[in-house]
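Read through the structure below, which is laid out as structure tokens, and then see the notes.
As the structure lists them, so they are numbered: ligands from 1, and atoms in each ligand from 1.
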Amino acid sequence: MSLAGVMENPTLPRGRAGMETEIRRLKRALNAVILAHFYQDSEIQDMADFIGDSLQLAQQAARTDADVIVFAGVHFMAETAKILNPTRQVLLPDLKAGCSLAESCPPHLFKPFRERYQDHLVINYINCSAEIKAMSDVICTSSNAAKIIAQVPPERPILFGPDRNLGNYLIKKTGREMRLWQGSCIVHETFSEQKLLRLKVRHPGAKVLAHPECEERVLRNADHVGSTTSLLNYARESMDREFIIATEPGIIHQMEKACPEKTFIPAPPESSCACNECPHMRLNTLEKLWLCMKNRAPEITMEEDLRLRALRPIERMLELS
Ligand code: 13P
Ligand code: SF4
């Protein structure tokens, strides 16, 4: 529903405080847990029971005993929670909150690719649809990918998808050759190396923290590369005072909360737009969070056969992590 639609709603709680009170009340009434990704708006993060990266959110979804999982993130994340929790209701504030990376790997194109390399072990990044997960041997996230690759016997060839930037980064990091699907994320490919270098000149003491979905020309200028949680931990533990953040700037909210004395500068995108903000993540709003709990919709549903096929590689990931 558009924000305009929400504004027309006569029962809309008054102000942010009213909205927060209502969300808390609904959470108790539904016995719900709110899981939020670091890329969500700060006001959504502040309402969450748990904030984390993709791996932590999947782990949290696997161990929850709530009746309802409210997933403040994008579709593939809520879908993963549903795959792990067939009997619990999984709500997503906006069903259109997709992921450009997941969309860059359509099942009808991936299927023949996978069939061409039948002897390969298929490792797919969690940013993909349930159909793609069902065609995988094991799923990974940016926090456990290197660890999972290290557990594959050296003689077994690997097919890695859908992110070519993460794939290339892992080939360098692990020294393991892999055949890559050529997908990518529009947000992480938006950063400009030229502008980053100019920013570094203006902030000579700043450390560059980058997500491995960024292109090599950005990663080669980074002091630390890692998942969102890894970037947050680095910022927290570092003795440095200034950081340039080459990932979605939603993560800066937790960085500033953890280290109010430090400065975090978003890495500049190629154009003067706000293209470093994930347009999918930002479809979720506080109003839609409240509405989805009030209406118990939109809900993630899935055919049981697909769920079972997608579950196996996710469980393998959780075992190997
Ligand atoms: P993390 O697993 O590092 O949180 O990454 C998720 C994501 O979508 C990055 O774009
Ligand atoms: Fe997908 Fe990129 Fe958004 Fe992450 S930042 S959810 S990979 S579109």
Should you measure from each heavy atom of S54, which atoms of ligand 1 turn up under 4.0 Å away?
1 (P), 2 (O), 4 (O), 5 (O), 6 (C)
Taking 4.0 angstrom as the limit, do E79 and R307 come out as a salt bridge?
no
Please determine whether a side-chain nitrogen of the Lys or Arg among D240 and K262 lies less than 4.0 Å from a carboxylate oxygen of the Asp or Glu.
no
Are any of the N or O atoms of S142 closer than 3.5 Å to those of ligand 1?
yes
Considering only NZ, NE, NH1 and NH2 on the basic side and carboxylate oxygens on the acidic side, decide whether E131 and K111 come within less than 4.0 Å.
no
Tell me whether D53 has any N or O atom under 3.5 angstrom from an N or O of ligand 1.
no
Which of the numbered atoms in ligand 1 are under 4.0 angstrom from any heavy atom belonging to H211?
1 (P), 3 (O), 5 (O), 9 (C)
Could you list the cluster mates of I186? Members are the ILVMFWY residues connected by side-chain heavy atoms closer than 4.5 Å, either directly or through other members.
V187
Disulfide (SG to SG under 2.5 Å) partners of residues 161-260, not counting sequence neighbours, each pair once:
none
Sub-4.0 Å heavy-atom contact, E248 with ligand 1:
no
Residues E22 and K294 bridged, charged N to O under 4.0 Å
no
Against ligand 1, does Y39 come closer than 4.0 Å with any heavy atom?
yes
N127 to ligand 1, any heavy atom closer than 4.0 Å:
yes
A correct count of protein N/O/S atoms found below 2.8 Å of atom 3 (Fe) of ligand 2 gives 1
Any salt bridge between R88 and D65, counting N to O under 4.0 Å?
no
Nonpolar side-chain network containing Y117, other nodes, edges under 4.5 Å:
L109, F110, F113, V122, I132, M135, L159, W181
Would you call the rings of Y234 and F243 parallel, tilted or perpendicular if under 30° counts as parallel and over 60° as perpendicular?
perpendicular
Pairing of E248 and R282 as salt bridge, 4.0 angstrom limit
yes
Among the heavy atoms of M281, does any lie under 4.0 Å from an atom of ligand 1?
no
Give yes if a backbone or side-chain nitrogen or oxygen of S227 is under 3.5 Å from a nitrogen or oxygen of ligand 1, and no if not.
no
What protein heavy atom sits nearest atom 9 (C) of ligand 1, and how far off is it?
E213 OE2, 3.0 Å
Whether the E242 and H203 side chains hold a donor-acceptor pair (N or O, under 3.5 Å, no angle test) is what I'd like checked.
yes
